[in-house]
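Below, each value reflects all heavy atoms present in this structure, side chains not excepted, and no hydrogens, waters or symmetry copies.
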Amino acid sequence: MKKVEKSNEKESLLIDKEGINVITGKEAVVKSLIAEGVDLIFGYPGGAIMPVYDALYDYQDQIKHILTRHEQGATHAAQGYARVSGKVGVCIATSGPGATNLITGIADAQIDSTPMVCITGQVASHLLGTDAFQETDVVGISMPVTKWNVQVTRAEDIPGAIAKAFYIAKSGRPGPVLVDITKDAQFGEVDFQYKKCTNVRSYVPQPKVKLEAIQAAADLINNAKKPYILFGHGVLLGDAKEEFKTFVEKTGIPSAWTIMGLSALPTDHYLNVGMLGMHGNYGPNLLTNECDVLIAIGMRFDDRVTGDVSRYASQAKVIHLELDHAEIDKIIKADVAVVGNCKTSLQLITEAVKEGTHEEWLQKFRDCDEEENQKVINEELHPSDDKMISMGEVINLVSEASNGQATIVTDVGQHQMVAQRYYNYKRWRSNVTSGGLGTMGFALPAAIGAKFAQSENQVIAVIGDGGFQMTIQELGTIFQTKIDIKILILNNEFLGMVRQWQDLFFDKRYSSTEMVNPDFQTIARGYAIESNKVTERENLAAAVKEFVNHKGSYLLEVLVGKENNVFPMIPTGASVSEIRLD
């Protein structure tokens, strides 16, 4: 073998005469990522991961690294990237606090089924268990919130671990995976030969769809008088855009979405009847308890959708299309379970069902819409002049100015519900939000990831004044990378959703929810981001237009009603039939 010494480090690169590379573990990490098609990662360097960062220095033309300002920001950016691209998001951090700072984003990705590979550095293997500087058991800590995790202590195990990580993260029901690599493994040597993982023993990511279940589902649908479709994130994860649209249009069935299913069908599609859940639309919730066949596609019957389970759709036959068998009968018992990727199962069911129309049934949803318009929507979109600006009118203006073509990344709270209700989503995969975990601080870093995934599309982050300050430091990432992100702060000077609950259920005892905020424009100026603040309605339309059309990043703060509430609302523990319009 010919030995080639690197002048700037002690470890060496050995090149076998037959062409097999003996390389360091740190370079094996980078080469493994390249072999998986990774060209962008988000992260933050530190001592235990420093060798990998040193290796990245030589591959800057193949992998772009985005330095976030916090490790949690790296995870949310990786999530945003994955959600709009359909690829695996990748983030990297050091041991100890670097690794533990990833946990919130990992948990968020787990519950929202987002494919992500996280690579963490770890102290040298002989120091494990000694409470060494910046040592934490990240494998133990992350086990409950990862699809799979592993600790690597030998350089020769790095390629296989990373190959398995990517396979598990993106196959079947996606999710986050963590690979923890000790520092000595990064410095060790390995005969590098990368082989992509294509199977794991006892792991069946794509169960075969049973034809008898397809026929049973088709029979129920063909005989239904009031069929109803609930669609969730699984339609997007299954890349079933055309299959789902074809099924909906052939059957003529009213269809409502979970917040994670939003953008699987255009908001203005004639069979899209609106949003499910605690702050969803009136008809989609109320009429759940009137349908005779409930067809759930790629959704898991979250408690925010069902309300009181004992009073949820008890009159209906339930068809559940779901990839993950663990979700079948977990919350709502299915009369027909179709286990498998909905891209396949929808195509098979569509072939087996008859063409249908359900105009009389659909009219019931329209009647509910009219009632909701009169009692909620008209006032939200067009408040009287003596009232402060509402979140809904802002979102409606943004939707019109962007023609429903932007990718909307929302934080968590009142503004999240309003953005999903009042923006007219026309593009596939154009909704990015924290659904199951409800992570404040999600939007700003997730918008960064979304923008890097689709630089040609406009990305608008819709954030409350509380959530914005949880990851406000990621303005530094925008400043350094010079990407074009629009940041809309709907500022009600409260932790709005918590305050709403205090208003309705705790006798208006506003305990620790009022916010004293900084001057967001001054902060934006420090990061060279153009900004504007709107306090009067007469200036709103022009400001929104400027915001949407501005070239480069822009922050628009709009002062909205401090004690405005989001309706409709299903109180906790209530039935979907008990949805309140005020």
> Which of these, Arg427, Gln458, Arg429, Lys451, sits in a side-chain hydrogen bond (donor to acceptor under 3.5 Å, both in side chains) with Thr407?
Replying inline: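 That would be Arg427.
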
> Tyr423 and side-chain hydrogen bond (donor to acceptor under 3.5 Å, both in side chains): which partner among Ser399, Ser402, Ser430?
Replying inline: Ser402

Once side chain to side chain donor-acceptor pair (under 3.5 Å) is applied, do any residues pair with [X], and if so which ones, sequence neighbours excluded?
| X | result |
| --- | --- |
| Thr267 | none |
| Gln414 | Asn492, Gln500 |
| Asn223 | none |

Residues [X] and [Y] bridged, charged N to O under 4.0 Å:
| X | Y | answer |
| --- | --- | --- |
| Lys170 | Glu36 | yes |
| Glu359 | Arg366 | yes |
| Lys387 | Glu379 | yes |

>> Can you tell me how the ring of Tyr554 sits relative to the ring of Phe547, calling it parallel under 30°, perpendicular over 60° and tilted otherwise?
In response: perpendicular

>> Parallel, tilted or perpendicular: which one describes the rings of Phe42 and Phe452, with boundaries at 30° and 60°?
In response: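 If you compare the ring of Phe42 with that of Phe452, the planes turn out perpendicular.
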
> Got a sec: does the NZ of Lys147 have more than 12 other heavy atoms crowding it under 6.0 Å?
Replying inline: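 It does: Lys147 NZ has more than 12 such atoms within range.
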
> Above 12 or not: heavy atoms from other molecules or residues under 6.0 Å from NZ of Lys64?
Replying inline: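 Atom NZ in Lys64 is not packed in, count stays at 12 or less.
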
>> Under the criterion side chain to side chain donor-acceptor pair (under 3.5 Å), I'd like the reasoning laid out for Ser434 against Asp108: C-alpha separation, chi angles, the key distance, then a yes or no.
In response: CA-CA 7 Å; Ser434 173; Asp108 196 288; 2.5 Å; yes

